[in-house]
Amino acid sequence: MKLLIVGPPGSGKGTQSLRMSRALGIPHVSTGALLRHAIRLGTPLGESACECVAAGHLVPDALVNELVRERLGHTTVRERGFLLDGFPRNRAQLDGLLSWLNPEALDAAIELAVPSEIVVQRLTSRGRTDDTEAGIDTRLGAYEVETSPMLRDLEAAGLLIPIAADRPIDVVTRDILASLAQHRAKPPTCLPMQRVAV
Ligand code: B4P
């Protein structure tokens, strides 16, 4: 299965991805986690991404696209599919993904919807180094400007499954798994071909 999970910062993408990955037996690929790991190790990618992540800006598309492309080539991902957490985050990243994959290959995109005030409450109590007040504002702005328009493409392609994620964690997980099973029972759809880079 090839799935995407999208949502504003603090919507629970990481939290729900771990549960879905276990329930569905597919590898979890989180761009946020890969970037934080690269930053901790001090790799060239980590050094380039560090300032953007700390400030809440999106890391440049070319860096993130390369990171995901490399990961999608791993044997377990090629054999078992993937749950992409936090990618794509804009149209350039979606175009990148569709240029490496057959567009029919994507099964669904889970959209976690949470009001901004709840996101702010959750992130300020989590306390990760990028969870500053200014950083959260910047990330919410980037979501509105860059990610929301991309969601319309996924919706038009019949791939988007909206989930109300301002409910208890177990309730959200159950809703995702049930909605996904329903979605997969429907006839397949595909993204508009003009999004496929050749
Ligand atoms: P991410 O790692 O994707 O982090 P996030 O959006 O802040 O959090 P997430 O939605 O996963 O929330 P979580 O489950 O942890 O991105 C971090 C940064 O990396 C970005 O700002 C950007 O700089 C960079 N980046 C990543 N991908 C990129 C890309 N594709 N392009 C460019 N840059 C990229 O949940 C948050 C908290 O809420 C937790 O404490 C959790 O316990 C709690 N919670 C979750 N669900 C809950 C629920 N239902 N009820 C109550 N609490 C809940």
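Counting convention: from 1, in listed order, for ligands and their atoms alike. As a basis for the values below, the full set of heavy atoms in this structure was taken, side chains included, without hydrogen atoms, waters or symmetry mates. As the structure is a prediction and not an experimental result, all values here were calculated from the model.
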Any N/O pair [X]/ligand 1 closer than 3.5 Å:
X	result
R89	yes
G56	no
F87	no
T31	yes

Specify the protein heavy atom at minimum distance from [atom]: its residue, its atom name, and the distance to 0.1 Å.
atom	value
atom 23 (O) of ligand 1	H57 O, 2.8 Å
atom 43 (C) of ligand 1	R122 CD, 4.0 Å
atom 10 (O) of ligand 1	K13 NZ, 2.9 Å

L4, M1: one ILVMFWY side-chain cluster at the under-4.5 Å cut-off? no
Please say yes or no: joined through hydrophobic side-chain contacts below 4.5 Å, possibly via intermediate residues, are I169 and V114 part of one cluster? no
Can D170 and R19 be counted as an ion pair, charged N to O under 4.0 angstrom? yes
Tell me whether R152 is salt-bridged to E155, with the criterion being a basic N under 4.0 Å from an acidic carboxylate O. yes
Those atoms of ligand 1 less than 4.0 Å from some heavy atom in [X]:
X	answer
L58	32 (C), 33 (N)
V53	23 (O)
Q93	29 (C), 30 (N), 31 (N), 32 (C)
G14	9 (P), 11 (O), 14 (O)
S11	10 (O)
R139	5 (P), 7 (O), 21 (O)

